[in-house]
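Take a look at the structure set out below.
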Protein chains: 2
Amino acid sequence: MNDAVTDDATGIFESITTTSLVDRAHGQIRALIVAGKLRPGEPLKDSVLAEQMGISRSPVREALRRLEQSGLVEKSANRSYRISLLAAEDIPELASLRLADETLAVRTIVQHRYSIDSLAEHVAQLTAATGDPAAAAAADAAFHRAVVGLARLPRLAARYDDLTDQIRLALLASDIETWGRGEMLVENHTMLVDALTEALETGDARRVVRMWEVHVLGGMTAFDILDPLS
Amino acid sequence: MNDAVTDDATGIFESITTTSLVDRAHGQIRALIVAGKLRPGEPLKDSVLAEQMGISRSPVREALRRLEQSGLVEKSANRSYRISLLAAEDIPELASLRLADETLAVRTIVQHRYSIDSLAEHVAQLTAATGDPAAAAAADAAFHRAVVGLARLPRLAARYDDLTDQIRLALLASDIETWGRGEMLVENHTMLVDALTEALETGDARRVVRMWEVHVLGGMTAFDILDPLS
DNA sequence: TGATCGTAGATTGTCGACAGAATGCGATCG
DNA sequence: CGATCGCATTCTGTCGACAATCTACGATCA
């Protein structure tokens, strides 16, 4: 979140990023969760986490509070942390939230006529990843994240990141290997970029937003939100 | 967040809601912020907060972590908490996020054909509040919150609540007394309910969503996002 | 044999303490 | 007289400890 700002343009001074133990614990636990090492419902005991990381319980506890607020961790009634019980039935809601955020990003980009040149690089990555499902999924995620970033709405980007973490966890827990089927990925994203470019010229975002909805929801035919959200 | 579920339907047993000190500290600090007792940029020292509340620093710290994640509090570079530096220039982004969440709620209600009967009560509250700006603002906020709640998307509601807190803080800091001008409040909301009712019949949410955008953004003519977000 | 109760262990909530870093004030030097 | 340096104080980050609560296992009883 706060990367100990280093205004050192020359790079002479090493970035003395003395990350706090809270940040490190947060990052490690989060990584464990999104990597699937810990599954939903699994209890998280701050004492064992602290011992495993060789630190005290206080930083672990604060890290868990952060994770709780960002949705990866929750507290059961009998006071004890556990990985959030996200499952297949939560995916429709999470996907709706994600779609709402992405379309807001698209609308904002069009409204302010922000440049989208950087998206080409992501499409290239996507092209290079054909045949490699994992790489394709990563490039796909990076593309969508880049669009959100282009809107220059920092709070939107922050909550989008939390959201993608939760979706990742829910997918892992549901044993859904690939988010969407990997065919047509390049074509679809090229179409999106084209539509976005067109919207930037005309100033009308409706068409690209509609395509975006179809694209995102189309990747989830396995779930119950098939309607294009009129 | 978790209200120590009491399934005591009979009400014989007192709800032994042993709220943790973290929850209480969180609530108290949050209340102070949204009430305007603490202004953006003001430093928050956990030691003094703890002493003022008569508790230890640990629960205060965890409460601050939660507030940090929900956007009311942030950490300055030189490690120290302060009220988030929200100001007038942040309102456009916050309003965009709020609008995105509300329109998602409206779309979801229409898509699932959820009942909106409970909204009538809120319009009545709004009517009863004519002439009292504070009550009108509260009723207005309650109406919008109710719409979000009707969508039955718990994570949407949670992030919407965080958002409204941030907006409240930003408005307080900008010395903007009333969110929108209070005239026409009843008429506007009646129109929204009518449009929503119509959408529930036709299944087409486009019209009500468009009206919603105009309504929300119209309440903020003072800011720079006037375009109806094509 | 099965269910209930009780106790031992584990785990959390909270506290006080200590070291390191930051802040602010005063002394010193130009 | 003004700017810089140094020191004292304050505050934060982290730790270990203690009590209260919860869990799980085993003993007791019907």
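A, B, ... follow the sequence lines: proteins, then strands. Residue 1 opens every chain. All values reported here derive from a predicted model rather than from experimental measurement. Just so you know, these numbers use all the heavy atoms, side chains as well, and skip hydrogens, waters and symmetry mates.
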>> Base, sugar-phosphate or nothing for L49(B)? Non-hydrogen atoms, less than 4.0 Å.
In response: nothing
>> Counting distance alone, no hydrogens or angles: does the base of dC11(D) have a donor or acceptor under 3.5 Å from a partner atom on the side chain of S80(B)?
In response: no
> Can you check the R57(B) CZ to dA17(C) P distance for me, whole Å?
Replying inline: 12 Å
> Between dG16(D), dC15(C), dA17(D), which nucleotide has the shortest distance from any of its atoms to the side chain of S58(B)?
Replying inline: dC15(C)
>> What is the distance, to the nearest angstrom, from the CD atom on Q52(A) to the P atom on dT11(C)?
In response: 12 Å
> Nearest of dG13(D), dT12(C), dT14(C) to any side-chain atom of K75(B)?
Replying inline: dG13(D)
> Over how many whole Å does the gap from R65(A) atom CZ to dT14(D) atom P extend?
Replying inline: 17 Å
> When all nucleic acid strands are considered with a 4.0 Å heavy-atom cut-off, which category describes L44(B): base, sugar-phosphate, or nothing?
Replying inline: sugar-phosphate
>> Without decimals, in angstroms, what is the distance between R24(A) CZ and dG13(D) C1'?
In response: 12 Å
>> Rounded to whole Å, please give me the gap between CZ in R61(B) and P in dG13(C).
In response: 17 Å
> Would you say the side-chain atoms of D140(A) and H122(A) include a donor-acceptor pair closer than 3.5 Å?
Replying inline: no
>> Between P on dT14(D) and CG on D46(B), what's the gap in Å once rounded to a whole number?
In response: 12 Å
> Between H144(A) and H189(A), how do the two ring planes meet: parallel, tilted or perpendicular, split at 30° and 60°?
Replying inline: perpendicular
> Is R152(B) positioned over the aromatic face of Y114(B), cation under 6.0 angstrom from the ring centre and no more than 45 degrees off axis?
Replying inline: yes
> Rounded to the Å, how far apart are L64(B) CG and dT14(D) P?
Replying inline: 15 Å
>> Counting only side-chain heavy atoms from C-beta out, which of dT14(C), dC15(D), dG13(D) sits nearest to P59(B)?
In response: dT14(C)
>> One thing to verify: whether R168(B) and D165(B) come together as a salt bridge, which I'm taking to mean a side-chain N less than 4.0 angstrom from a carboxylate O.
In response: yes
Report all interatomic pairs (protein N or O, nucleotide N or O of nucleotides 21-23 of chain C) with separations under 3.5 Å.
| unit_1 | atom_1 | unit_2 | atom_2 | d |
| --- | --- | --- | --- | --- |
| dA21(C) | O4' | R79(B) | NH2 | 3.2 |
| dT23(C) | OP1 | N78(B) | ND2 | 2.9 |

>> With a 3.5 Å cut-off and heavy atoms only, can you find an N or O donor on one side and an acceptor on the other between the side chain of S47(B) and the base of dC11(D)?
In response: no
>> How many whole angstroms separate atom CD of E51(B) from atom P of dG16(C)?
In response: 11 Å
>> As a test of reading the structure: which of dA17(C), dC11(D), dT11(C) is closest to the side chain of K45(A), going by heavy atoms?
In response: dT11(C)
>> Just to be sure I understand the rule, does V48(A) reach a base, reach only the sugar-phosphate, or reach nothing, if contact means heavy atoms closer than 4.0 Å?
In response: nothing
> Quick check: does any side chain N or O of S20(B) sit under 3.5 Å from a backbone N or O of D23(B), one acting as donor and the other as acceptor?
Replying inline: yes
>> Between the side chains of E42(A) and R82(A), is the shortest nitrogen-to-carboxylate-oxygen separation below 4.0 Å, so that they form an ion pair?
In response: no
>> Please determine whether a side-chain nitrogen of the Lys or Arg among E68(A) and R65(A) lies less than 4.0 Å from a carboxylate oxygen of the Asp or Glu.
In response: yes
